[in-house]
Amino acid sequence: MTAPATSADTLTDLARKAGIIGAGGGGFPTHLKLSLAAETVIANAAECEPLMAKDSCLIEREPDSIVTGLRLAGEAVGAKRLVVAAKPKRETAWRALQTAVGEGVELYPLPDAYPVGDEVTLIKLLTGKTVPRGGLPADVGILVQNVETLANLSRAGESPVTNKYVCVVGAVKKPLATVVPIGYPAEILVRLAEPEPATVVLEGGPAMGDPVDPVEAHVAKHTSAYTVLPENSPVIAHLRSTLALNRRRSLTACIQCRLCTDHCPRWLTGQTVRPHLWMRALCLGTGFDRLAGDLWGCCACGVCELYACPEGLSPRKVALQLRERMPQPKRDEMEPGDRPLFGERHPPTKRLMGRMGIGDYDRQVEWVEAPPTERLRLALLQGTGHPAKPVVKEGDEVKPGQLIAEAAAAVGVPLHAPVEGTVVEVTERHIELEVR
Ligand code: SF4
Ligand code: SF4
């Protein structure tokens, strides 16, 4: 099913030319999402990972852009229902949205639980529909977009995406949020927040982030946060566990209580995602092939290992390790199951933070102006899809908003210079600019 023509085609084209991708972390090219019809568009302001703050800061600064982007997206896909889903707990942002939403836009209050911002969970909450395992929100007539993506969409015809809202949280003296040019060094942001000694930096939130070397990492269009955690944090232990270690631990400790499955948000929406079964298969060393759909249905939220498992095992990490060895199966055609406890079993954020050992880091972030940088390093692959192809060479002078790499495939977006400067390096992976 494709979306209606005319204005939809125009917005889709503008989004593609502006290089817009999902700004909440997924990084999927927005023009592809806009090319599918939907009855409902949801602006996702859940910001459900603990400690996260960049969306709240964006909402406080430009709520009208979000609503404009939502209306444009709704028109493009032919939607009848437009919803902003946010948490009343974030009082300033909630009030800003109450003022900004006008006629024809609902403001939906989300519980302060994790992971209500997972789009499959969000869709179930707002519409009662279950996205098929391995499918897309468009399969049930829904489009979900992060609020920053919608703000970018509101100015798609005027300016490409060259800036990013981002926060630095966790084991730091000064948790902060700011907006920086794409390609900005993570190292400067982390240093600005004054990290505690003996810590690890994750790109993303504490539940779903991945460890990065801040010296090498640079802000991309889908970067939402850098989370600093102590090296001895249980979160880091899960992330560093190997498959062999997980098997040894599971053999001695997995009691097949199935709490990992009973609390799994994807299972609770009605999808067939059963982590206790792949933990059993891991112990037995067989039966993985039959579980490929389950393994690929995992959204890596971490509820099973960070909250549910009484034995401290790592079903999420095991799923990510096992599915590296098997192709992703096609979309599930089976009917979703009935899960009466959906809505009752999502971990309250405070309790989750307690179990993760990060409750002490739940502090107000400060909005700061990031210091200027001499260099920007822009990755050619921003988010999901194919890397962009450079159209500049070393020594070229560039202006703000100038195209520096073009989309090389349908699933990909172009890249634009955020500032005036000189191209000093072009590799297979990035373009580096010296800022004027
Ligand atoms: S919750 Fe832990 S102990 Fe229980 S089945 Fe899952 S992995 Fe095994
Ligand atoms: S990480 Fe665990 S809880 Fe989350 S979707 Fe995967 S199996 Fe379910």
Side-chain angles (χ1 to χ4, degrees), residues 25-26 46 48-50 113-125 130-135 137 202 204-210 234-235 237-239 241-243 245-285 287-288 290-324 326 328-329 332 336-337 339 341-349 351-352 355-356:
C48 68
E49 272 206 69
Y114 179 76
V116 293
D118 163 49
E119 62 183 11
V120 175
T121 301
L122 192 62
I123 288 168
K124 185 76 176 174
L125 264 175
T130 299
V131 177
R133 188 179 67 176
L202 307 183
M208 295 185 73
D210 287 315
V235 176
H238 283 298
L239 287 171
S241 63
T242 62
L243 192 58
L245 175 67
N246 282 323
R247 179 158 194 265
R248 278 203 305 279
R249 292 173 64 220
S250 302
L251 275 167
T252 54
C254 180
I255 52 176
Q256 282 294 292
C257 63
R258 70 162 281 161
L259 280 171
C260 47
T261 295
D262 289 343
H263 283 278
C264 170
R266 290 297 175 100
W267 166 261
L268 287 168
T269 65
Q271 291 187 354
T272 306
V273 177
R274 301 160 294 184
H276 75 288
L277 288 189
W278 69 67
M279 295 303 277
R280 186 191 299 170
L282 181 68
C283 293
L284 297 173
F288 302 121
R290 288 196 304 275
L291 293 170
D294 287 66
L295 290 161
W296 278 99
C298 166
C299 67
C301 68
V303 165
C304 49
E305 64 191 30
L306 301 171
Y307 183 79
C309 181
E311 301 291 331
L313 300 176
S314 312
R316 179 250 311 256
K317 183 71 183 178
V318 170
L320 296 177
Q321 288 163 333
L322 287 175
R323 71 192 193 189
E324 278 172 12
M326 57 181 70
Q328 184 169 8
D332 212 339
R339 315 274 192 256
L341 288 178
F342 176 81
E344 312 289 332
R345 281 238 158 113
H346 296 122
T349 309
R351 199 175 309 157
L352 174 66
R355 293 209 185 162
M356 292 170 71

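Both counts, for ligands and for their atoms, begin at 1 and track the order of listing.
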Q: Atom 2 (Fe) of ligand 1: which protein heavy atom is closest, and how many Å away?
A: Cys309 SG, 2.3 Å
Q: Nearest 0.5 Å, please: how far is CE in Met208 from OH in Tyr114?
A: 5.0 Å
Q: So which of Cys298, Pro265, Pro347, Cys301 gets nearest to atom 6 (Fe) of ligand 2, if we judge by its closest heavy atom?
A: Cys298
Q: Note the single closest protein heavy atom to atom 4 (Fe) of ligand 1, along with its residue, its atom name and the distance in Å.
A: Cys257 SG, 2.3 Å
Q: Within the stated cut-off of 2.8 Å, is an N/O/S atom of Cys304 closer than that to atom 8 (Fe) of ligand 2?
A: no
Q: Numbering the atoms of ligand 2 from 1, which are under 4.0 Å from a heavy atom of Arg316?
A: 1 (S)
Q: Working to the nearest 0.5 angstrom, can you tell me the gap between Ile123 CD1 and Thr130 OG1?
A: 10.0 Å
Q: Enter the distance from Arg249:CZ to Ser314:OG here, rounded to the nearest 0.5 Å.
A: 4.5 Å
Q: With atoms numbered from 1 as shown, which atoms in ligand 1 lie under 4.0 angstrom from a non-hydrogen atom of Pro310?
A: 1 (S)
Q: Which atoms from ligand 2 have a heavy atom of Ala300 less than 4.0 Å away?
A: 1 (S), 6 (Fe)
Q: Using heavy-atom distances only, which candidate in Cys260, Cys264, Ala207, Cys299 approaches atom 8 (Fe) of ligand 2 most closely?
A: Cys264
Q: Evaluate the side-chain proximity of Met279 to Asn246: yes if any heavy-atom separation is below 4.5 Å, no if none is.
A: no
Q: Could you establish whether Gly302 and ligand 2 come within less than 4.0 Å of each other, counting only heavy atoms on the residue side?
A: yes
Q: Between Ala319 and ligand 2, which residue portion shows a heavy-atom distance shorter than 4.0 Å: side chain, backbone, both, or neither?
A: neither
Q: Atom CH2 of Trp296 and atom CD of Gln328: how far apart are they, to the nearest 0.5 Å?
A: 5.0 Å
Q: Would Arg345 count as a cation-pi partner of Trp267, with NZ or CZ less than 6.0 Å from the six-membered ring centre and within 45° of the ring normal?
A: no
Q: Among all protein heavy atoms in this structure, tell me which lies nearest to atom 3 (S) of ligand 1, with the distance rounded to 0.1 Å.
A: Ile255 N, 3.5 Å
Q: What do you reckon, does Trp278 put a non-hydrogen atom under 4.0 Å from ligand 2?
A: yes
Q: Looking only at heavy atoms of Pro315, does any of them come nearer than 4.0 Å to an atom of ligand 2?
A: no
Q: What distance do Thr252 atom OG1 and Leu313 atom CG have between them, rounded to the nearest 0.5 Å?
A: 7.5 Å
Q: Which atom names give the shortest non-hydrogen contact between Pro50 and Leu352, and what distance separates them?
A: CG-CD2, 3.9 Å
Q: For ligand 1, which atoms sit closer than 4.0 Å to a heavy atom of Arg258?
A: 4 (Fe), 5 (S)
Q: Among Arg274, His276, Arg266, find the residue that satisfies the side chain to side chain donor-acceptor pair (under 3.5 Å) test when tested with Thr261.
A: His276
Q: Under 4.0 Å from a heavy atom of His276: which atoms of ligand 1 are those, numbered in the order shown and with their elements?
A: 5 (S)
Q: For ligand 1, is there an atom lying under 4.0 Å from some heavy atom of Ser250?
A: no
Q: Working to the nearest 0.5 angstrom, can you tell me the gap between Ser241 OG and Arg316 CZ?
A: 9.5 Å
